[in-house]
Amino acid sequence: MIVGKNNMTEFAYSGLGVNAHFGTPINPNDAQTPRVPGGSSSGAAVAVNREIVPAAIGTDTGGSCRIPAAFCGTVGFKPTSTRVSKRGAVPLSQTLDCVGPFTTSVSCAAVLDSILSAGPGDDVDSFPEGGIRLGVLEGYVTEKMDDMVARAYQDALTRLSHRGVRLTPLNIPQLSRLPEINSKGGFVGADAYAWHKDLLETRADFYDPWVRDRFGGKSQTAADYIAVGQERHRMKAFVDEKQEQFDALVLPTVQIVPPTLEELQDQAHSNAVNLLCLRNTAIGNFLDLPAISIPCHAEGSLPVGLMLLGLRDQDRRLLSVARGLEQVIRGR
């Protein structure tokens, strides 16, 4: 039963969670300084963190379930794109959109994932931690990490290693091409503009100005759009081959802790921070891989998320691996 709706980024078009019209759900982890909750499904993560609800549902096009989870200290799961029906959801990108849960634990995420995918609502068994093989992504995904994220992430990897998890460094330099591949807007730019075109022409003044200015898909040509699809096909095949030897890939969910609302007043700066927040999570959407963010920060610190990427269409296996590792990742 749906018991309520939460504020979120307008039309799900941001990784920060800011809403100029109806109010930004404030991150619940800093009582002194207002911080963003992460977006786009910001209010969902806040509601779960504050125990207003035991679980919530969000959409994820470039990280919108996992960024708020990382920033608010909850679990956030993005399934393979075809796993959960998107019927009834306003699309951002029909190519990349996914529907996934926010929960307090991996076990709860597995139960809700089963329900959302028309299953019986069952949990998964924990994958034995000593036999798990993780490819630790380096390079592109670990650039620009702030000190707090780097420390929490490295501590989590150390705990995993001490528990017998086999960690293998893995650098996939092709990932650094993603900003170039999507430089003209990519799937999101084109798909979002196509859906909003008539509204932008007739009711542009009703949009949040920051969101409205991000609709740049009009400048893409059909050739540009097709080229992105071709690049995606090649990169999926390449990464699939790299993944075969691992149970999951591991990386920081977001390279920074949640920024303050004050530091995002400048639009140019907020645009740059938004792109950084989406940097790692968008990999899962572009490659259509299931992904889960699990809190890995020390108690009392600002939240930090550790992300596991699984094999396409093997969502339940990823949840099983995540369930087996969750307590170690959380430092318990």
Side-chain angles (χ1 to χ4, degrees), residues 8-9 12-19 24 27 29-30 33-42 45 58 60-73 76 78 92-93 96 137-154 171-189 192 210-211 213-214 216 249-287 291 293 295-297 301-307 309:
M8 58 176 287
T9 299
Y13 210 176
S14 163
L16 299 176
V18 177
N19 188 308
T24 299
N27 193 304
N29 292 281
D30 189 341
T33 308
R35 294 179 180 271
V36 298
S40 62
S41 304
S42 47
D60 192 310
T61 306
S64 293
C65 280
R66 292 158 290 150
I67 298 169
F71 277 1
C72 292
K78 180 206 88 70
L92 178 58
S93 169
L96 303 177
L137 284 178
E138 298 180 341
Y140 176 74
V141 302
T142 54
E143 294 171 355
K144 301 183 180 181
M145 276 197 297
D146 67 29
D147 291 342
M148 194 173 297
V149 171
R151 185 165 53 252
Y153 177 64
Q154 187 56 55
N171 194 335
I172 303 179
Q174 288 83 351
L175 295 176
S176 65
R177 295 193 58 242
L178 285 173
E180 174 193 350
I181 292 170
N182 293 298
S183 61
K184 296 183 179 180
F187 293 125
V188 178
W210 188 75
V211 171
D213 291 345
R214 301 191 64 218
L249 304 181
V250 60
L251 62 160
T253 308
V254 187
Q255 285 97 327
I256 59 174
V257 294
T260 66
L261 287 173
E262 183 178 358
E263 66 185 276
L264 296 176
Q265 295 302 308
D266 177 75
Q267 184 166 333
H269 179 66
S270 66
N271 285 338
V273 173
N274 180 60
L275 288 176
L276 180 59
C277 289
L278 293 160
R279 185 184 180 105
N280 286 1
T281 53
I283 293 170
N285 301 85
F286 192 77
L287 300 177
S293 180
C296 68
H297 56 283
S301 300
L302 287 174
V304 175
L306 178 146
M307 183 163 58
L309 290 173

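As a basis for the values below, the full set of heavy atoms in this structure was taken, side chains included, without hydrogen atoms, waters or symmetry mates. We number each residue from 1, following the sequence as shown.
Contact between Ser293 and Gly305 at its shortest, heavy atoms only, is OG-CA, 3.8 Å. Nearest heavy atom pair, residue Gly73 against residue Pro303, reads N-CB, 3.7 Å. Between Ile256 and Cys277, the shortest heavy-atom distance links the atoms CD1-SG, 4.0 Å. The shortest heavy-atom contact between Ala12 and Leu92 is O-CD2, 3.2 Å. Here the closest heavy-atom approach between residue Val188 and residue Tyr13 is recorded as CG1-CE2, 3.6 Å. Leu261 approaches Gln265 most closely through the heavy-atom pair O-NE2, 3.0 Å.
How far CZ of Arg279 is from OG of Ser176: 8.5 Å, rounded to the nearest 0.5 Å. Distance CG/Leu249 to CG/Leu287: 9.5 Å, rounded to 0.5 Å. Taking SG of Cys65 as the start and NZ of Lys78 as the end, the distance is 9.5 Å to the nearest 0.5 Å. Met145 CE to Gln154 CD: the interatomic distance, rounded to the nearest 0.5 Å, is 8.0 Å. Here the CZ-CG distance, from Phe286 to Leu96, works out to 8.5 Å after rounding to the nearest 0.5 Å.
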Kindly indicate, with the supporting measurements, whether the criterion side-chain contact (heavy atoms from CB on, under 4.5 Å) is fulfilled by Leu302 and His297.
CA-CA 7 Å; Leu302 287 174; His297 56 283; over 6 Å; no

Go through the steps to decide whether Leu175 and Ile172 satisfy the test side-chain contact (heavy atoms from CB on, under 4.5 Å), and finish with yes or no.
CA-CA 6 Å; Leu175 295 176; Ile172 303 179; 4.0 Å; yes

Set out, in order, the CA-CA distance, both residues' side-chain angles and the distance that settles side-chain contact (heavy atoms from CB on, under 4.5 Å) for Val254 and Val149, then state yes or no.
CA-CA 8 Å; Val254 187; Val149 171; over 6 Å; no

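Within the 3.5 Å criterion, the main-chain N or O of Val257 finds a donor-acceptor partner in the side chain of Asp146. The backbone N or O of Gly15 sits less than 3.5 Å from a side-chain atom of Asn274, completing a donor-acceptor pair. Judged purely by atom type and a 3.5 angstrom limit, Thr24 uses its side chain to pair as donor or acceptor with the backbone of Asn19. Of the possible polar contacts, none joining the Glu263 side chain to the Pro259 backbone as a donor-acceptor pair under 3.5 Å is found. Formation of a donor-acceptor pair under 3.5 Å by the Ser42 side chain with backbone atoms of Gly39 is not found in this model.
Looking at residues two or more places apart in sequence or on another chain, you find no side-chain hydrogen bond (donor to acceptor under 3.5 Å, both in side chains) involving Ser301. In this view, Asp30 and Arg35 satisfy the salt bridge (Lys or Arg N to Asp or Glu O under 4.0 Å) rule, not counting sequence neighbours. Under the rule for a side-chain hydrogen bond (donor to acceptor under 3.5 Å, both in side chains), the partners of Asn29 that lie at least two apart in sequence or sit in another chain are Asn27. Annotation: side-chain hydrogen bond (donor to acceptor under 3.5 Å, both in side chains) contacts of Asp213 (sequence neighbours excluded): Gln267.
Listed by first and then second residue, the side-chain hydrogen bond (donor to acceptor under 3.5 Å, both in side chains) pairs involving residues 60-69 are Ser40-Ser64, Asp60-Arg66, Asp60-Asn285, Thr61-Asp97, Arg66-Asn285 (not counting sequence neighbours). For residues 172-186, the pairs satisfying salt bridge (charged side-chain N to carboxylate O under 4.0 Å, His left out) are Arg177-Glu180, Arg177-Glu231, Lys184-Asp224, with sequence neighbours left out.
Proximity of Thr9 to Val18: side-chain heavy atoms (C-beta onward) are nowhere separated by under 4.5 Å. Contact check for Leu264 versus Leu16: side-chain heavy atoms found under the 4.5 Å cut-off. Side-chain contact between Leu309 and Leu251 is present, with at least one heavy-atom pair separated by less than 4.5 Å. Within the 4.5 Å cutoff, the side chain of Phe71 has no heavy atoms near those of the Pro37 side chain. Within the 4.5 Å cutoff, the side chain of Tyr140 has no heavy atoms near those of the Asn171 side chain.
Side-chain atoms of Gln255 and Asn280 include a donor-acceptor pair closer than 3.5 Å.
Other residues, nucleotides and ligands contribute over 12 non-hydrogen atoms within 6.0 Å of the CG atom of Asp266.
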